[in-house]
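What follows is one structure encoded as structure tokens, with my remarks underneath.
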Amino acid sequence: MVARITFGKNIAGVLLYNKLKVDAGQAEALLCHNLPVTPTDRKIDAYKLTEAFRPWLEHPRAGLSKPVFHVSLNPHPDDRLDDFQLLEIAHRYMEEMGYGDQPYVVFRHRDIDREHLHIVSSRIQPDGRAVDYYRYKERSVKATQRIEREFGLHPAVEGMQQPFEELRRVVYARGNLKAQINSVLWNLADRYRVGSPGEWNALLGLFGISAQECTGEIDGRPYAGMIYCALDERGRKVGKPVKASLLSAPVGYSQMQREYARTKKWVRENRERLEPAREAIREAMNRARSAEEFARLIRPAGLSVVFRRSEEHGGRIYGATFIDHNEGLVINASKLDRAFSANRFHELFDAAEDERQTETTTPEKTQRIAPEPLPEYAPRHELEERLWVPDLFSELLDEAARSDYDPDEWAAMQALLRKKRKKRRRPK
């Protein structure tokens with residue numbers, strides 16, 4: 001059994017994801033532990049659940065920036081477990097990880113080939129202290145191994161815990177585009193730091209979304225906003241743009257400006273923390289003979305790369321952005337290290353490819369041999385290189401929203417909660 005843990009800032013995004021799965025008939029709410037809410041017909045009121053969690057997440061003494069605990073427990077595909085066994089496993093795992101007395105909700109998912117559990121909880125204890133997370137990854141592995149032995153489960157084999165799988169995108173043809181975009185934005189904003197509009201778009205592009213800032217003046221008054229569009233496989237905008245104000249995800253203009261500032265400060269204060277990523281990139285640059293091989297080599301280190309290419313200049317690399325999944329950071333290559341400039345990657349991969357193509361020509365033919373063409377309608381990630389994201393996102397972002405779902409209800413809910421928080425903070 002494999003456990004994948006993430007910490008988040010806002011519980012509404014995680015519950016929205018599970019709500020979409022339940023509404024689509026691909027998940028069930030099995031249990032609410034230590035919460036004044038219970039599932040009905042294996043469904044649950046997401047608004048009431050959010051409110052039930054709130055006292056645990058807003059303790060005045062807590063200083064956690066990411067107070068939400070979210071884990072997916074993935075048994076081996078050959079393990080056949082009923083609801084009672086799954087709940088026993090969920091309880092045992094949460095006890096082992098120190099969350100036995102915390103509030104949590106358990107969902108059973110059937111949206112992929114193997115059934116698995118999603119458990120959402122609060123990291124903040126009643127006294128305001130955080131649940132112990134020292135060496136939590138190592139403790140999680142030991143906990144799942146003990147559960148495997150006690151319940152007679154198949155042990156996790158080598159390769160089963162591979163942290164990356166091929167990404168999945170927003171799909172225009174699936175319909176209900178606003179719900180798809182909203183859910184993706186919730187999860188990305190909750191898990192990644194971005195320091196500029198370019199870095200934000202580099203991350204969004206992996207999931208078939210683009211962001212555009214709209215600023216100017218109307219009747220002498222300045223305005224600023226954000227709109228989000230879906231992209232097809234060729235990177236072209238499709239469907240109707242969605243204003244950030246119509247989404248419940250915290251991705252408006254002012255919110256993103258604050259995010260850029262916070263991320264820049266974080267990078268300045270954590271240069272040493274990013275050294276493992278730099279080392280992995282340097283090693284891959286010394287070994288790789290192509291952009292595709294480079295992307296594969298940095299993958300085990302928890303890194304992805306987005307190369308920007310110019311069609312006007314024969315596909316030349318003119319920009320590179322790295323995504324550090326371990327640190328939850330999207331960063332322009334040259335900001336990570338000056339040695340990682342776009343010109344350097346061009347020299348390593350584009351120029352080297354030109355030289356190899358020239359070496360394959362015969363004396364009678366001096367014309368460069370063209371590479372094998374890609375299919376006319378090749379996905380954009382094949383036109384550049386195959387990009388990879390954490391396996392968690394393969395589950396989180398495989399959207400299956402029902403056609404009558406309207407994220408405006410979540411926007412209204414968030415507005416109501418903001419009013420309540422302001423009212424509570426008002427001095428007497």
Side-chain angles (χ1 to χ4, degrees), residues 4-10 13-14 64-70 123 133 136-137 163-165 167 184-207 209-211 226 249-251 255-285 294-308 319-342 344-345 381 384-385 387-394 396-397:
R4 296 186 175 91
I5 299 172
T6 58
F7 300 137
K9 293 181 290 188
N10 196 309
V14 180
L64 289 178
S65 61
K66 294 186 176 182
V68 179
F69 175 87
H70 184 195
R123 299 175 60 201
Y133 59 96
Y136 71 91
K137 292 182 180 180
F164 297 101
E165 281 185 7
L167 62 90
V184 171
L185 292 176
W186 260 115
N187 286 288
L188 296 185
D190 202 38
R191 288 171 172 80
Y192 287 91
R193 301 181 181 94
V194 293
S196 70
E199 291 166 1
W200 183 222
N201 268 300
L203 178 64
L204 294 179
L206 303 183
F207 300 94
I209 303 174
S210 73
M226 296 281 288
V251 291
Q255 293 162 318
M256 294 310 301
Q257 296 303 311
R258 290 193 293 270
E259 171 64 21
Y260 301 152
R262 284 193 299 265
T263 299
K264 290 174 183 176
K265 180 181 179 182
W266 188 92
V267 171
R268 287 195 303 268
E269 296 175 349
N270 293 273
R271 299 295 298 180
E272 294 183 0
R273 190 166 168 176
L274 298 175
E275 189 56 32
R278 296 190 192 94
E279 286 296 326
I281 293 169
R282 293 186 192 108
E283 183 179 352
M285 290 173 73
F294 175 78
R296 288 195 298 271
L297 289 175
I298 64 173
R299 178 187 173 202
L303 298 169
S304 297
V305 62
V306 179
F307 287 122
R308 295 181 294 282
T321 301
F322 287 103
I323 302 174
D324 186 336
H325 302 292
N326 298 320
E327 295 293 347
L329 175 68
V330 183
I331 186 169
N332 185 275
S334 59
K335 284 166 48 176
L336 185 61
D337 193 302
R338 292 182 180 179
F340 303 157
S341 66
R344 181 57 181 150
F345 286 112
H381 62 276
E384 297 178 353
E385 65 276 334
L387 299 168
W388 305 80
V389 295
D391 176 68
L392 174 64
F393 275 140
S394 295
L396 285 180
L397 303 179

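- How far CG of N326 is from CG of L274: 10.5 Å, rounded to the nearest 0.5 Å.
- Counting heavy atoms from C-beta on, the side chains of K265 and R268 come closer than 4.5 Å.
- R191 places no side-chain N or O within donor-acceptor distance of the main-chain N or O of G328, the cut-off being under 3.5 Å.
- Shortest non-hydrogen contact noted between L185 and A249 is CB-CB, 3.9 Å.
- Within the model, atoms NZ of K264 and NZ of K335 stand 6.0 Å from one another, a figure rounded to the nearest 0.5 Å.
- Within the 4.5 Å cutoff, no side-chain heavy atoms of L336 are placed close to those of V267.
- The only option from F322, W266, Y192 that meets the side chain to side chain contact (heavy atoms under 4.5 Å, CB included) definition with L329 turns out to be W266.
- Among all heavy-atom pairs drawn from V306 and A202, the shortest one is CG2-O, 4.1 Å.
- Residues I5 and F69 form a side-chain contact, since some pair of their non-hydrogen atoms from C-beta on lies under 4.5 Å apart.
- A distance of 8.0 Å separates OH of Y136 from CZ of R123, quoted to the nearest 0.5 Å.
- With hydrogens and angles ignored, the 3.5 Å screen pairs no side-chain donor or acceptor of N201 with any backbone N or O of S210.
- At distances below 3.5 Å, not a single donor-acceptor pair connects side-chain atoms of E199 with backbone N or O atoms of T321.
- A distance below 6.0 Å separates the ring centres of F294 and F345.
- Side-chain atoms of Q255 come within 3.5 Å of backbone N or O of V251 as a donor-acceptor pair.
- Counted within 6.0 Å of CD on E272, heavy atoms from surrounding residues, nucleotides or ligands total 12 or fewer; the atom is thus considered open.
- Although no hydrogens or angles enter the test, the distance criterion places no donor-acceptor pair under 3.5 Å between the side chain of N270 and the main chain of R273.
- Other residues, nucleotides and ligands contribute over 12 non-hydrogen atoms within 6.0 Å of the CZ atom of F7.
- The minimum heavy-atom distance between N332 and R308, with the atom names listed, is ND2-NH2, 3.5 Å.
- The two residues G195 and T263 come nearest to each other via the heavy atoms N-CG2, 3.7 Å.
- Between the side chain of R282 and the main chain of A339, no donor-acceptor pair closer than 3.5 Å is present.
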Kindly indicate, with the supporting measurements, whether the criterion side-chain contact (heavy atoms from CB on, under 4.5 Å) is fulfilled by R299 and R296.
CA-CA 5 Å; R299 178 187 173 202; R296 288 195 298 271; 5.6 Å; no
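- Annotation: side chain of L303 is in contact with side chain of I281 (closest heavy-atom distance under 4.5 Å).
- In this structure, CZ in F340 is found 10.5 Å from CD1 in I331, a value given to the nearest 0.5 Å.
- At distances below 3.5 Å, at least one donor-acceptor pair connects side-chain atoms of K9 with backbone N or O atoms of A189.
- In terms of heavy-atom proximity, Y260 sits nearest to P197 at OH-CA, 3.4 Å.
- Note that CE of M256 is 9.0 Å distant from CZ of R262, once rounded to the nearest 0.5 Å.
- Taking every heavy atom of both residues into account, I298 and A280 meet most closely at CG2-O, 4.1 Å.
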